[in-house]
Amino acid sequence: MNWCRRALLMALVTLSVLVPWLFIDSQSSSTSSYDSGTPIFFAHPAPDLNKLEGPEDTFKDNNRGSQDAEQGAKEVGEVGELGDTGNTKFERLYAVELERGETKLGERQTADSLTGEQESDIDREEEEVADSEQQASEGELSEQGVLDEYSASQQQKGKTKSSDSRIRLMRDQLIMARAYTYLAQATNHVRLVHDLKFRIKDYQKTLADCNLDSELPRGAQDKMKAMGQLLERARQQHYDLSAVMKKLRAMLQSAEDQARTLQKHSNFLNQLAAKTVPKGLHCLSMRLMMEYHTRFPDDKEFVDQKKLEDPRLYHYSIFSDNVLAAGVVVNSTIFNAKEPEKHVFHVVTDNLNYGAMKVWFLVNPPGNATIHVQNIDDFKWLNSSYCPVLRQLESATMKEYYFKADHSTGSANLKFRNPKYLSMLNHLRFYLPEVFPKLDKILFLDDDVVVQKDLTPLWNIDLHGKVNGAVETCGPSFHRFDKYLNFSNPHISKNFNSRACGWAYGMNVFDLKEWKKKDITGIYHRWQNMNEDRNLWKLGTLPPGLITFYNRTHALDKSWHVLGLGYNPNVAKSAIVHAAAIHYNGNMKPWLEIAMAKYKPYWSKYVKFDHPYLQQCNINA
């Protein structure tokens, strides 16, 4: 009985295989109409072989339960109808169904033998299919792979692209192209070197001054792909990890050295620009001096000079050799003053600019306010026997430091050789009681300050017995005493706290009565004499000011005086708008070409650019 059943099943399997083939053969002999290998009697296109259940799914679960041979024959028949294009899958499925039938008949040994042989064949075929699929996938993604390989932000895949992602990728490609150019030259690959240099030159033109992807010219994407393909070609020929790493390290070191050199040159040029008097300002001084010397003596004097020593009025001191800058300080203060007639300005300048300064304010009087211009050379008490700075400037050491041409051009050295450190106008702030002997209180203003509010409340501030009222500038790690003074010197370390907070010159209220009581000028002289060899601090007026007014300074609210407009591009606009006075401390003065454009309008609005002298000297906004 078992033998009959086995024979019957074998017959059914044989018929299910042979009948479709005979039918296909008979039909193909009577027609020649094919659609990509599909017989014309198909009512639908040939099924996708990749969507058919493969034999591996059957081998995964031999215990699912056997299906009858008729169903197996039907599945094999469907595959057989595919013609020559389905031979491989047909053979594999035929073997599987044959195995199912024999398993159902209990022929385990024969089934196991067939299964082992077919599994080996199927494994080989699956590996071939997988390889071909992988090659096809690699072919489709080759261009993107080349681009991604040289992307510095590859780990950002899937995230929103930044506005300069292509720019950064192109710069990364440029770096790799230069590295491979060096390696190709070392191995004498002339053609590759030529292609790389061509692409590098083209890339440099494309990038130019672009900082955003939107600024790239048309065709940049195609150039990226071309560069990526060229880099892939170079990588295949010269991919030596150690050589590439060595070259990239060398390029990095060279770039750092070049950056340091350029930074040094930039600092030098900034210092040079800060020291240079603009052509327009020089022209203005010359024209005003000519006007001064053509005037009669009576036309050279200011009116209403009786207010100059009245302690009940609001007195300002401005020490400057810059006519235009001093004019802005006076104009901005008067413009924002509630009672201009109570304000008195004491301008002190040098002998070279005295005539020009005087004519400027004679031609442009400050409304109802009072102004007085003085010549520092008229202060006979200011001489080398009394003033340590003047005596030190006459020494051979100081003359060599300032006037010898064979010094290093380092930016730090050049900074301290700025002419402002030689000018007594800069040190005159330590002699206010001598300059204004009959005044009780005075407001000191630098010539790079712009006043934006009425300053009269400053005279009513109680300094609590202190001499100097100033805005503190320190933060957690900057503008403290250790940044200005040499605390390795015992004279400094024993007398001062290295973490003491610094404060700003530029807008200071000085109580001249307390100044005289505490002999502030004498303290300044003592420390200045000790610093003749410049071991306590470098040149300048802020370090000796911090020492002289140590524990003698009252901190003002920061809104009175906002600093940094001459060097800091990140000063908050809200702080500027609400400040009583803004200070262009730093090299980027508002009258120089190197001034920061966004801060310049605060200063320019107080300049009379329509004045004939300014127009003749081409001084424009």
Side-chain angles (χ1 to χ4, degrees), residues 276-305 307-308 314-337 340-341 343-379 419-420 423-426 428 435 443-451 581 584 589-592 595 600 602-621:
T276 304
V277 177
K279 181 180 178 180
L281 292 183
H282 181 71
C283 168
L284 179 62
S285 295
M286 294 299 100
R287 287 188 174 275
L288 292 171
M289 282 296 293
M290 291 174 61
E291 174 72 17
Y292 177 78
H293 289 293
T294 59
R295 283 176 172 249
F296 291 105
D298 293 342
D299 295 334
K300 297 180 181 180
E301 300 301 326
F302 295 100
V303 297
D304 202 15
Q305 297 294 287
K307 297 181 179 179
L308 297 179
Y314 307 115
H315 293 265
Y316 301 84
S317 64
I318 304 170
F319 304 149
S320 175
D321 58 359
N322 188 324
V323 175
L324 197 61
V328 169
V329 177
V330 173
N331 289 344
S332 63
T333 305
I334 294 301
F335 182 84
N336 293 285
E341 67 278 1
H343 294 257
V344 182
F345 295 89
H346 303 267
V347 180
V348 181
T349 188
D350 56 18
N351 190 52
L352 183 63
N353 294 281
Y354 174 70
M357 192 75 73
K358 202 164 189 180
V359 170
W360 178 258
F361 287 110
L362 285 169
V363 176
N364 303 281
N368 295 327
T370 303
I371 193 163
H372 184 217
V373 178
Q374 294 175 277
N375 188 346
I376 193 174
D377 289 348
D378 292 337
F379 301 152
K420 71 178 182 179
S423 174
M424 277 309 299
L425 289 173
N426 204 37
L428 196 60
V435 179
L443 182 61
F444 170 80
L445 295 175
D446 269 341
D447 63 0
D448 53 356
V449 165
V450 174
V451 176
Y584 292 83
K589 304 298 185 187
W591 55 84
L592 298 176
K600 195 169 183 178
Y602 299 106
W603 183 84
S604 299
K605 68 180 182 179
Y606 296 107
V607 179
K608 300 177 180 180
F609 289 106
D610 58 348
H611 194 283
Y613 285 150
L614 270 60
Q615 291 183 344
Q616 292 170 11
C617 293
N618 294 320
I619 299 177
N620 303 306

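Starting from 1, each residue takes its place in the sequence as its number.
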For this session: State, with a plain yes or no, whether a side-chain heavy atom of Ile371 is found less than 4.5 Å away from one of Val347.
Result: yes
For this session: Identify, with sequence neighbours excluded, every residue that meets salt bridge (charged side-chain N to carboxylate O under 4.0 Å, His left out) alongside Lys600.
Result: none
Exercise. Within a strict 4.5 Å, meaning less than it, do heavy atoms of the Val451 and Phe335 side chains meet?
Worked result: no
Exercise. Looking at Met357 and Val373, what are the two nearest heavy atoms and their distance?
Worked result: CG-CG1, 4.0 Å
Exercise. Are there more than 12 heavy atoms of other residues, nucleotides or ligands under 6.0 Å from atom CZ of Phe302?
Worked result: yes
Exercise. To the nearest 0.5 Å, what is the distance between NZ (Lys608) and CH2 (Trp360)?
Worked result: 7.0 Å
Seminar exercise, completed: Applied to residues 324-336, the side chain to side chain donor-acceptor pair (under 3.5 Å) test, sequence neighbours excluded, yields Asn336-Tyr606
Exercise. Got Phe609 and Ser604 here, is their nearest side-chain heavy-atom distance under 4.5 Å?
Worked result: yes
Seminar exercise, completed: So salt bridge (charged side-chain N to carboxylate O under 4.0 Å, His left out) across residues 349-365, not counting sequence neighbours, yields Glu301-Lys358
Seminar exercise, completed: dist Phe319:CZ -> Asp446:CG (nearest 0.5 Å) comes out at 10.0 Å
Seminar exercise, completed: Taken to the nearest 0.5 Å, the spacing of Trp603 CH2 from Lys589 NZ works out to 11.5 Å
Seminar exercise, completed: Value for CG (Asp321) from CG (Leu425), rounded to nearest 0.5 Å, stands at 6.0 Å
Exercise. Just by distance, do the side chain of Asn375 and the backbone of Asp377 share a donor-acceptor pair under 3.5 Å?
Worked result: yes
Seminar exercise, completed: Contacts of Pro278 meeting side-chain contact (heavy atoms from CB on, under 4.5 Å) (sequence neighbours excluded), chain-then-number -> Leu281, Trp591, Leu592
Exercise. To the nearest 0.5 Å, what is the distance between OG (Ser285) and CG (Leu352)?
Worked result: 7.5 Å
For this session: Report the residues that fulfil side-chain contact (heavy atoms from CB on, under 4.5 Å) with Lys300, sequence neighbours left out, ordered by chain and then residue number.
Result: Tyr292, Arg295
Exercise. Got more than 12 heavy atoms from elsewhere within 6.0 Å of CE, Met286?
Worked result: yes
Problem set entry | Considering all heavy atoms, the nearest Val344-Lys307 contact | CG2-O, 3.9 Å
Exercise. For the residue pair Ile376 and Met424, what are the closest heavy atoms and their distance?
Worked result: CD1-CB, 3.7 Å
Residues 613-621, side-chain donor-acceptor partners within the protein, below 3.5 Å, at least two apart:
from	atom 1	to	atom 2	distance (Å)
Tyr613	OH	Glu291	OE1	3.2
Gln616	OE1	Arg287	NH1	3.1

Exercise. What is the ring orientation for Tyr316 with Phe345, classed by angle as parallel under 30°, tilted 30 to 60°, or perpendicular over 60°?
Worked result: parallel
Problem set entry | Heavy-atom closest pair, residues His346 and Leu308 | CE1-O, 3.3 Å
For this session: Please round to the nearest 0.5 Å and tell me the distance separating atom NE2 of His372 and atom CZ of Phe361.
Result: 12.5 Å
Problem set entry | Minimum heavy-atom distance Val363-His611, with the two atoms named | CG1-NE2, 3.6 Å
